[in-house]
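Below is one structure, written out as structure tokens; comments come after it.
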Amino acid sequence: MVKITVDGKVLEVDESKNLLEEILSQGEDLPYFCWHPSMGSVGSCRQCAVIEYANDEDERGRLNMACMTAPREGARYSIEKAAKFRAQAIESIMINHPHDCPVCEEGGECHLQDMTVMSGHNYRRYDGKKKTHTNQYLGPFIGHEMNRCITCYRCVRFYKDYAGGTDFGPQASHDNTYFGRWQEGPLESEFSGNLAEVCPTGVFTDKPFSKHYVRKWDLQTAPSLCAGCSVGCNTNPGERYGTLRRVVNRFNDEVNGYFLCDRGRFGTGYVNSDERITVSMTRSAHDAAPHLASTDEARSQLQAMAANSIGIGSPRASLEANFALRELVGAENFYAGISTNELAMSRQILDIYRSRPVNIANIKDIEASDAVLILGEDVTNTAARLALALRQSVRNLGKKMARDMKFPEWQDAAIRQLTMDRKSPLYILSAHATRLDDIAARVKIGTAANSARLGFAIAHEIDSSAPAVNGLSADEKELVTTIASALKEASQPLIISGTGAMSQALIAAAANIATALNGADKKANLALVSAEANSMGLALLMESSDNSLDQAMASNAKAAIVLENDLYRRAPASSVDSFINGLDQLAVLDSLKTRTGEQANLVLAAGTFAETSGTFVNYEVRAQHYYSVFKPVDTIRSSAFWLSDKKLSELTQGCADSISGGAGIATLTPGEGFSVSGMKVPRQQHRYSGRTAMRANINVHEPKQEQDEEGILTYSMEGVSALKDATVFNTAWAGGWNSNQSVFKFQSHTGAALKQATKGHCLVENSVSEKTWSEVTDAEKVTGDFEVFPLYHLFGSEELTANTEAIKAKATSAYIAINEADASKLGLQASDGVSVEHNGAVPYIIRSSIAPGTVGIPVGLKGLNFRDLPAAISLQKATDWATPSEWHAANIIVSDKTSVNAENGGEA
Amino acid sequence: MNNLIASTAIKARQLTEEEIHEIEHEKTHYPYTQAVGLEALKIVQKYQGWVSDESLLAVSEYLDIAPDELEGVATFFNMIFRRPVGKNVILLCDSVACWMLGCDNLKEHISNTLGVDYGETTKDGLFTLIPVPCLGACDKAPVMMVGRETYTHLSTNKIDQIIAHIRDESPVELDN
């Protein structure tokens with residue numbers, strides 16, 4: 001820390017950070033555009049100019065950009081004295097900027113507006129012609145309005161430098177500078193949505209939001225979580241007139257930082273979908289005519305059947321809802337609603353986190369790792385936000401080079417110049433090429449069983465007390481030694497695996513490697529990706545039970561209550577059919593229509609994440625609370641409400657009490673009694689408009705405010721905003737800072753943790769030092785022509801988000817992926833389909849990375865049920881083939897060479 | 001909505017042997033192939049006159065540089081032509097010294113003679129007129145370049161002579 005003087009004020013600041021960051025951290029206002037806390041400084045926009053004085057006598061000083069200045073001990077700076085320069089700089093930036101704020105979606109949360117006002121440039125002297133540009137079609141997620149561009153280069157620095165995108169960039173120079181693709185077309189990066197938040201003005205906007213746009217201040221918001229995968233990114237969804245309008249990032253330094261993936265940002269449209277179950281229905285038998293059930297009727301019917309029912313829980317339902325179901329039917333009748341293998345994997349992960357000497361890696365740990373091994377998990381498609389963090393991890397070599405040369409880490413452009421294409425090592429063992437291959441030192445293609453075998457060998461190579469593997473080839477030995485020594489040399493090695501490859505051996509191998517790396521002063525980072533938003537929460541409830549879905553279906557039960565679960569996505573259709581046929585009564589609680597729901601005789605309309613509150617437990621076993629954003633129509637209730645008479649907080653407490661190490665679950669909210677200055681926290685901003693008018697078409701009398709069951713937030717404007725107390729952080733806003741850039745006002749230090757809001761609570765505190773090992777398991781012999789491995793799609797593989805229009809536009813229906821040699825062996829022409837054993841026919845693509853004799857089958861895409869397939873299948877050229885209308889080969893973005901004939905759906 | 005497939009509709013053309021030979025030679029000068037991008041574009045332009053989308057894609061595939069990256073380079077340098085140009089590119093200086101000595105009149109004269117404005121190509125495909133900010137010959141202003149030749153101390157007469165001379169040198173095109 002050093003002492004500096006800024007306009008006469010003495011400040012103590014961190015000399016390893018830049019002056020802009022430090023000035024902002026002190027709560028001062030200093031305008032900026034190009035700098036971003038996650039992306040460092042390039043000094044291009046000239047907005048954060050300050051005067052730096054050479055010594056006490058210096059009266060004139062010199063102009064410096066604060067973001068490019070390292071604070072010096074005893075130095076004097078002035079923000080005030082550079083005000084005129086900043087006003088001039090922004091005046092020139094604004095010359096070509098249109099006067100379209102009233103019709104611009106950024107208006108009201110525009111960093112450019114804020115900075116212009118702050119800089120004092122409030123009258124345009126330039127009356128010449130403005131430069132105009134042609135906009136591009138960039139796909140279903142992002143709108144483009146280049147005329148608003150102020151050429152701060154933040155979009156490129158995010159898209160290319162930070163997120164590794166290659167299909168977007170700057171073009172031309174000076175007045176003609178243009179940011180776009182070389183040809184129009186959908187952006188390929190899985191993180192393109194962040195452009196809408198990174199762009200300081202309205203060049204890149206959230207396109208699905210545009211279709212039902214309202215101003216930021218008219219949105220009702222609450223702290224929520226993304227339910228799209230097991231990462232549990234923190235979000236602030238916004239609602240107006242009963243529909244969910246958009247999702248923006250909510251900062252959590254340990255989970256998602258400043259960024260979300262596109263599934264998380266654009267995947268929530270299903271909340272407003274026509275496929276929603278909005279009323280509860282009942283019928284006496286499977287084939288009887290259904291009729292509407294009132295809330296009381298539905299609830300009492302459910303309670304009446306509970307005594308003789310089994311309950312089938314879900315990894316996409318909240319901890320509380322699963323717990324309430326378990327309470328209702330009794331623990332011995334509660335089944336996890338996932339396959340035996342998946343349940344075993346989730347419990348295996350819990351066991352590893354608890355019993356091995358490892359550090360459970362959060363996103364900051366991942367970003368800080370200097371050697372990485374990915375074992376069989378397609379992170380980009382199963383836990384995308386982690387893939388973005390991994391892209392930062394390979395930059396640690398460059399940062400180290402910079403440290404050795406004694407220049408600061410925030411010097412972004414300089415470090416990139418210094419580093420060129422040198423990277424910290426990242427190794428990938430996978431059944432197919434992945435979207436991280438471009439940053440990988442080595443990629444080894446192989447089945448999960450083989451990757452596990454190599455993984456065990458790596459563990460043994462690092463620590464010879466780990467079980468050994470026999471029969472490695474010379475090539476494999478070389479790879480094993482290379483990876484082992486890179487991990488050993490690293491100061492923060494990271495092992496990533498997960499349930500994606502559906503292999504317990506692979507997870508065990510990952511655990512052995514992380515264990516082997518444990519040394520006197522170092523613990524390896526380990527991240528094991530789980531399948532869904534609450535997979536780990538479900539595992540916590542199943543710790544002393546082996547009740548999987550397979551067992552539920554073999555239980556001979558006559559009645560079943562299914563919680564937010566489409567069994568047809570979890571087990572072979574034939575097994576589910578015979579299970580349901582054997583039932584006298586089937587109750588389904590869900591938000592969307594499903595094949596399981598269609599066969600129920602009692603369907604209860606359940607709220608989505610946006611309309612309910614609860615707890616999800618992410619891949620790190622971090623419990624996080626999400627608050628309901630808005631009240632749905634009266635007939636839609638939370639699953640927890642349908643299943644239990646208890647208040648949500650009582651259920652949460654019940655979870656905390658019954659889960660071992662779960663006490664933290666009850667500490668995630670400030671509790672019912674919480675108030676700020678005697679008031680609850682408002683979901684609506686102080687500028688929320690039309691409160692008295694918005695329902696006037698129904699009734700001129702303003703209705704009573706909706707009541708919040710939790711008693712922490714209210715569905716109203718009354719109360720004290722987060723600015724005074726951000727314990728419940730529902731929107732980032734500060735005086736003069738209307739955009740999401742204002743989040744620094746809530747952080748303990750710019751870019752660091754939020755001052756008051758919770759980061760969630762990790763339920764496993766690992767202080768193990770003893771090494772234990774998993775035994776090497778021999779791979780089961782697979783018989784059949786083609787060994788099956790799963791393929792995941794960020795857009796389409798997840799059940800709920802797949803019902804969102806924008807996601808549908810980026811998704812495709814099912815297909816298979818095979819090697820070129822196999823395709824010609826099967827006699828496939830470009831426009832043929834392939835018929836899959838025991839299944840229908842689907843299109844195929846050729847991927848160069850796929851090993852001969854293996855076939856990639858996408859999980860969760862329409863047209864093929866992965867769970868219907870054995871470990872190996874036979875394939876044949878389809879007869880009477882017609883390409884399905886939802887087959888969009890162009891939406892399959894992969895990193896290896898593919899070939900798809902245009903006739904066979906080459907165009908989207 | 002055809003624009004969905006715009007990026008896949010363009011196919012790379014085959015680079016010629018000469019082009020490949022020269023690009024390979026340039027590669028030996030740089031540690032990274034990415035650094036050869038600009039030189040490769042110049043080579044392609046030398047043989048093709050300009051850089052078409054098909055050429056850009058060809059270089060992109062040959063050097064394994066994303067087309068978006070290469071487009072950034074191609075459009076940053078205004079002497080890389082992304083649209084077809086005439087056989088002779090006239091670069092008329094409109095910088096301070098030339099402006100003081102009447103380059104505006106010269107531009108007017110060229111435009112009237114050839115019937116083209118800045119950025120346009122004559123119908124016979126012989127000339128393209130482009131402004132250039134300084135050719136580094138201010139002491140001999142006003143100046144222009146045609147092809148690789150620099151012409152100094154320009155006047156309307158001199159320009160007429162230059163144009164006539166170039167036309168004579170290119171009788172085949174004149175027949176069009």
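Hydrogens, waters and symmetry mates are skipped; everything else that's a heavy atom, side chains included, is used. A, B, ... follow the sequence lines: proteins, then strands. Residue 1 opens every chain.
A 6.0 Å sphere centred on CG of B:N112 holds more than 12 heavy atoms belonging to other residues, nucleotides or ligands. By the neighbour-count criterion of 12 heavy atoms within 6.0 Å, atom NZ of B:K123 is sparsely surrounded, having that number or fewer from other residues, nucleotides or ligands. Crowding of A:E145 atom CD: a count of heavy atoms from other residues, nucleotides or ligands under 6.0 Å exceeding 12. Around atom NZ of A:K862, no more than 12 heavy atoms belonging to other residues, nucleotides or ligands sit under 6.0 Å away.
Atoms CH2 and CD1, from A:W182 and B:I10 in turn, are 4.0 Å apart once rounded to the nearest 0.5 Å.
Looking at B:D53, the atoms closer than 4.5 Å to chain A (heavy atoms on both sides) sit in the backbone and in the side chain alike. Neither the backbone nor the side chain of B:L70 comes within less than 4.5 Å of any heavy atom of chain A.
With sequence neighbours left out, B:E69 forms a side chain to side chain donor-acceptor pair (under 3.5 Å) with A:K160.
For the ring pair (Phe, Tyr, Trp, His ring centres under 6.0 Å) condition, the pairs that include at least one residue of residues 20-55 of chain B, sequence neighbours left out, are B:H25-B:H29.
Along residues 173-180 of chain A, the residues that come nearer than 4.5 angstrom to chain B, judged on non-hydrogen atoms, are A:S173, A:G180 in order of number. Within residues 100-109 of chain B, no residue approaches chain A closer than 4.5 Å by heavy atoms.
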